[in-house]
Every structure is written in C-alpha cells, then in structure tokens.
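This one's a predicted model, so the numbers in the text were calculated from it and none came from an experiment. Below, chain A is the first sequence line, B the second, and so on; all start at residue 1.
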Number of protein chains: 2
Amino acid sequence: MSTKLEIDLDRSSPVPLYFQVAEQIAEAIRRGDLTPGSRLDNEILLADRLGLSRPTIRQAIQYLVDKGLLVRKRGVGTQVVHGQVKRSVELTSLYDDLRRAGQEPATRVLTLEPAPAEEDVAQILGVAPGAEILRLERLRYASGEPLAIMHNWLPLALVPLTAEGLEERGLYEVLRAAGVRMRVANQRIGARAATVPEAKLLAERRGAPLLTMVRTTYDDQGRAVEHGSHVYRASHYSLEVTLIER
Amino acid sequence: MSTKLEIDLDRSSPVPLYFQVAEQIAEAIRRGDLTPGSRLDNEILLADRLGLSRPTIRQAIQYLVDKGLLVRKRGVGTQVVHGQVKRSVELTSLYDDLRRAGQEPATRVLTLEPAPAEEDVAQILGVAPGAEILRLERLRYASGEPLAIMHNWLPLALVPLTAEGLEERGLYEVLRAAGVRMRVANQRIGARAATVPEAKLLAERRGAPLLTMVRTTYDDQGRAVEHGSHVYRASHYSLEVTLIER
DNA sequence: GGTGCTTATTTGTCAGGACATTCTGATGTC
DNA sequence: GACATCAGAATGTCCTGACAAATAAGCACC
C-alpha cells in the first residue's frame with residue numbers, strides 16, 4: 001500500500017515541520033487519499049523521503065495518534081483508523097457548536113452586573129466570599145427558537161464584557177480574543193425537570209426534561225476563569241463527546 | 001523554589017525511564033510535596049541530576065502536561081497547575097465509576113441473545129443488515145436502588161459473554177479481560193422524559209427526567225466493538241467529563 | 001520616572017544514531 | 001499436519017548535540 005502521499009515542506013515558514021507534516025497527512029485522510037486501514041510508510045522511509053529526521057516524523061505521527069486519526073502498533077506499522085472518528089474533544093462553547101452546525105445563533109443578555117460572590121461560587125473561582133464578581137445571565141436562541149438558559153460567573157478583573165459583544169459572539173470567543181488561554185474544563189452533565197420560570201423562558205411545559213451542565217474552566221495556570229450553570233431544552237439539543245484513550 | 005524532589009530510577013526495570021520519572025513527579029504532586037504553582041527545576045538541570053538526557057525528561061513532562069497536571073511556558077518554566085484537576089477523561093463504564101465511588105453496583109441481565117441486526121445498528125457496527133449480533137439488556141442498581149437501563153449491541157464473534165459474568169463485572173471490564181483494546185468512544189448525551197415501562201423499571205414516575213447516552217466504542221483498529229443506548233435516572237446520576245486542550 | 005533595548009533563562013524544534021521490543025510470516029521439526 | 005523456532009520489519013526508548021523563539025528582568029537613555 002505505497003500511496004505516495006505528497007508532502008510539501010516550507011522550511012522558511014514559522015510553522016513547525018512536524019506540524020506541517022501532520023496537517024498534510026490529516027488532510028490526505030480527510031480527502032480520502034489515505035483510506036481507513038491503509039498503512040503509512042514506515043517512519044525511517046518517510047523521514048528519508050522528506051529529508052527530515054525520524055524524531056520529527058515521530059512527533060508528527062504522535063500528534064495524529066493523540067487526535068485519534070492514526071493507530072500505531074509496534075512491529076506492524078502505522079495505520080489509518082477504520083471508522084469515522086468525529087472531531088476530537090475540544091473546548092468549545094454552545095455558540096461555536098451552533099455556528100458549525102449552520103444554525104445562526106442569537107443571544108439575549110438578561111443580566112450583566114457585578115455582584116458579591118456566594119460562598120460556593122467564591123470557592124470555585126478562588127476569590128474571597130462576598131468579593132465582587134461578574135454575574136451573567138443569557139438566553140440563547142437557535143433558528144429563532146429558545147434553546148438554553150445560561151448562568152455564568154467570572155472574576156471581575158478578567159476581561160471587559162459588554163452586552164453588545166456578548167450578543168454578537170460567544171463567551172468563549174470573547175475570552176479567547178481577550179487573550180485568555182483556556183486549557184482545562186470540568187463538566188458535570190445531568191438532567192432535571194423544568195421549573196415554571198424556566199419553562200416560560202424556554203417555551204416548554206412545566207416539568208419538561210432539561211439537560212443541565214455545570215462547568216468550570218481553568219486557564220494556562222490553572223486559575224478558574226469561568227464558572228457556568230446552564231440548562232438546555234432536551235428536545236432541541238444534546239451534547240457530543242469523543243473520548244480517546246492513550 | 002528548589003524542591004529537592006527525590007526520584008529513584010531503576011534502569012534494570014522494563015518500565016521506561018520517562019514513565020518512572022513521570023509517575024514519581026505525579027506522586028509528589030499528589031502527596032503535596034510539589035504544591036500548585038510551584039516551578040519545577042528546568043529540564044536541563046533535571047536531566048543532569050537524574051543522569052538522563054533532556055528528551056527523556058521532556059517526554060516525562062509532556063506526559064504529565066497531557067494529563068493536565070503540569071503547565072509549560074516557554075521562557076518561564078514548568079509549573080504545577082493551580083486548582084484541583086479531577087482525573088482525566090477515561091474510557092470507563094458506569095460499573096467502574098460506581099465502584100470507585102464506593103457504591104457496590106449490582107446488575108440484572110434482562111436479555112442476552114443473538115438477534116438480527118436492525119439497519120441502523122448494523123451500519124454502526126459495520127456488519128450486514130440482518131446479520132446476527134448480540135443484543136444485551138441490563139438493569140443496573142446502586143446501593144439497592146435501580147439506576148439505569150442499558151441496551152447494548154455487540155458483534156457476535158467478539159467475545160463469549162455470560163449472564164453470570166455480566167452480573168459480577170461491568171461490560172467494559174469483561175471486554176478488556178478478553179483482550180479487546182478499546183481506544184475511542186463517541187458519546188451523545190441528552191435527556192428525555194421516562195416512558196411508562198421505563199418508569200416502572202426504574203421506580204420513577206412517568207415523565208420523570210432521564211439522562212440518555214448513546215455510545216459507540218471502537219478498538220485499536222477503529223472497528224466498532226460495542227454500541228450502547230442507556231438511560232439513567234437523572235435524580236440519582238450525572239456524568240462528569242474533563243476536557244484538556246493541548 | 002517612564003520607555004525602549006539588551007540579555008539571560010527556559011522551553012520548542014530538529015538532527016542523527018544506537019539498541020530493545022514486539023509482531024508477522026516463513027521455515028523447519030516432530 | 002500441527003507446533004515450535006527463527007529472521008525480518010517496524011515501532012519504542014534513549015542518547016548527544018545544536019539552534020530558535022518567547023519571556024522576564026535588568027539597564028541605559030530620554
């Protein structure tokens with residue numbers, strides 16, 4: 001199976017060589033040039049052909065193995081995985097997900113104000129109880145229908161937020177644009193029946209099943225940057241997660 | 001912050017050196033010898049002190065960065081993350097989760113029989129429509145209370161399953177013990193109201209909110225090894241997921 | 001006193017080589 | 001014909017060495 005797999009390298013580019021290789025292999029898989037189950041040339045041959053060292057090739061392949069596109073087996077070789085692996089787990093927001101799905105999302109900001117931190121939220125965000133934090137409440141629509149009620153709490157000094165900005169872009173996008181580098185998120189996903197006010201906001205019956213998600217996001221340094229408690233209309237939304245075991 | 005951080009290496013052990021280093025650093029973090037925010041010695045110094053090369057040290061650190069325990073910054077150094085990062089995402093089953101939480105789980109096998117594959121399941125598992133596959137239906141209890149109804153479909157030739165085996169161990173444990181190496185899982189999580197038969201089995205009211213999960217698990221090669229459709233009592237269970245962005 | 005430049009430190013990337021381990025298939029033996 | 005043994009091939013681990021890029025701190029200059 002010696003698919004010749006053309007790879008162009010640009011040594012003057014600031015993009016690392018291993019990443020250039022990885023992207024072009026991934027692209028070949030997406031395009032179908034590399035079919036599931038087909039074997040890649042061995043690392044030494046690849047390195048030789050591209051004029052790179054074996055560690056660089058290994059780094060490229062390792063990157064794709066971590067993303068779940070390739071499988072390595074010692075003594076055998078490297079293969080493209082069978083089966084359609086969806087895109088890997090990412091730190092995305094509901095807004096991003098909806099946009100990717102082609103449904104133009106809309107947001108109504110219900111609350112955006114500083115407020116003293118309740119004890120539990122204060123502990124999660126790592127601030128003193130009673131300290132001022134930003135409280136944010138939004139209603140998210142997709143295709144004109146209400147979809148989710150979203151509560152968020154953020155450290156006050158983090159980033160300047162405006163209602164206008166939050167109605168045009170997702171919270172994550174705003175944070176990222178402001179230079180916040182989110183790295184770890186802890187999510188607890190559950191379900192419960194809608195209360196009367198929730199039902200009213202979401203155009204559901206009282207008692208309708210809601211999907212709930214409580215999430216805390218940490219940055220680079222492990223500092224909490226956002227804590228959110230959201231409810232989704234189960235009839236209109238579900239969450240997708242892909243797990244990859246290393 | 002020159003925490004001395006003793007690390008013993010056993011060069012005669014078959015355990016890779018980078019892994020020995022990684023485990024002992026992780027252990028030091030767990031023990032509290034390395035406090036959140038503290039900086040590790042730089043890679044070159046570490047390599048020197050342990051008599052290892054820098055790539056080996058880097059591999060050890062990279063392993064822990066991927067697990068979310070450490071953070072690297074160019075020009076700055078490597079730090080232990082602030083904040084309690086729960087254990088990383090893993091391919092675990094409900095059974096494993098319950099056992100870890102100290103609740104002795106119990107299982108009642110309702111159905112365990114070969115059956116012709118419906119079209120949708122056949123496509124997911126990659127077999128011909130109408131081919132024989134194994135259909136499995138279980139009721140899972142925790143602390144004596146019913147918790148979940150679990151439907152699974154598996155390729156017939158995969159592994160011999162017995163009702164006795166499945167009442168003593170989780171499905172994942174049985175599969176793993178039989179040499180199946182699961183690597184990727186795709187989960188869709190949602191919620192809906194309980195139907196009457198579901199409510200009866202789970203000791204809930206009709207219409208009670210249920211957490212639903214549809215999952216397909218793939219092995220090493222990307223072949224589907226299991227497809228499941230489960231419902232959980234939302235009042236008694238929630239899912240936890242940790243995302244790490246690389 | 002503040003601003004911009006320089007410099008030291010640290011991780012990121014890359015090269016090339018050596019040996020170990022594991023898996024597959026072929027070969028040989030009983 | 002079935003089983004054990006062996007050789008080849010591929011990835012896994014580990015080494016040494018070098019330069020690049022980003023960050024932070026100190027320093028000179030205005």
Undergrad: Where each residue is assigned the nucleotide of DNA chain C containing its nearest heavy atom, which of B/Gly77 and A/Lys73 is assigned the position nearer the 5′ end?
TA: B/Gly77
Undergrad: Please name the pair of heavy atoms, one in B/Ala117 and one in B/Ala128, separated by the smallest distance, quoted to 0.1 Å.
TA: CB-O, 4.5 Å
Undergrad: Return whichever of A/Ile44 or A/Pro14 has its heavy-atom-nearest nucleotide of DNA chain D closer to the 5' end.
TA: A/Ile44
Undergrad: What residues in residues 52-59 of chain A put a non-hydrogen atom under 4.0 Å from any atom of DNA chain D?
TA: A/Arg54, A/Arg58
Undergrad: Using salt bridge (Lys or Arg N to Asp or Glu O under 4.0 Å) as the criterion, list what pairs up with A/Glu137, not counting sequence neighbours.
TA: none
Undergrad: So which pairs with a foot in residues 36-73 of chain B pass ring-ring contact (aromatic ring centres under 6.0 Å, His included), sequence neighbours left out?
TA: B/Phe19-B/Tyr63
Undergrad: Roughly, in whole Å, what's the span from CG in A/Asp48 to C1' in C/dC14?
TA: 16 Å
Undergrad: Separation of A/Glu43 atom CD from C/dT21 atom C1', in whole Å?
TA: 14 Å
Undergrad: Using salt bridge (Lys or Arg N to Asp or Glu O under 4.0 Å) as the criterion, list what pairs up with B/Arg54, not counting sequence neighbours.
TA: B/Glu43
Undergrad: Looking at residues at least two apart in the chain, or sitting in another chain, which of them share a ring-ring contact (aromatic ring centres under 6.0 Å, His included) with A/His227?
TA: A/Trp153
Undergrad: Which residues satisfy the salt bridge (Lys or Arg N to Asp or Glu O under 4.0 Å) test with A/Glu113, sequence neighbours excluded?
TA: A/Arg135
Undergrad: Could you list the residues that satisfy side-chain hydrogen bond (donor to acceptor under 3.5 Å, both in side chains) with B/Arg11, not counting sequence neighbours?
TA: none
Undergrad: Apply side chain to side chain contact (heavy atoms under 4.5 Å, CB included) to A/Val65 and list each qualifying residue two or more places apart in sequence or on a separate chain.
TA: A/Ile61, A/Gln62, A/Leu70, A/Arg72, B/Arg183
Undergrad: Over how many whole Å does the gap from A/Arg72 atom CZ to C/dT21 atom C1' extend?
TA: 15 Å
Undergrad: From the 5' end of DNA chain D to its 3' end, which nucleotides mark the outer limits of contact with chain B, defined by a 4.0 Å heavy-atom distance cut-off (strictly under)?
TA: D/dT13 to D/dT23
Undergrad: Going 5' to 3' through nucleotides 4-9 of chain C, assign each nucleotide B (protein heavy atom under 4.0 Å from a base atom), S (under 4.0 Å only from sugar-phosphate atoms) or - (no protein heavy atom that close).
TA: -----B
Undergrad: Using atom CG of B/Leu17 as one end and atom P of C/dC19 as the other, report the distance to the nearest whole Å.
TA: 17 Å
Undergrad: Determine yes or no for a side-chain-to-main-chain donor-acceptor pair under 3.5 angstrom, with A/Thr35 supplying the side chain and A/Ser38 the backbone.
TA: no
Undergrad: Atom OH of A/Tyr18 and atom C1' of C/dT11: how far apart are they, to the nearest Å?
TA: 13 Å
Undergrad: Side chain to side chain contact (heavy atoms under 4.5 Å, CB included) with B/Ala26: which residues, sequence neighbours excluded?
TA: B/Arg30, B/Leu64, B/Leu69
Undergrad: Could you note down all residue pairs passing side chain to side chain donor-acceptor pair (under 3.5 Å) where residues 114-132 of chain B supplies at least one of them, sequence neighbours left out?
TA: none
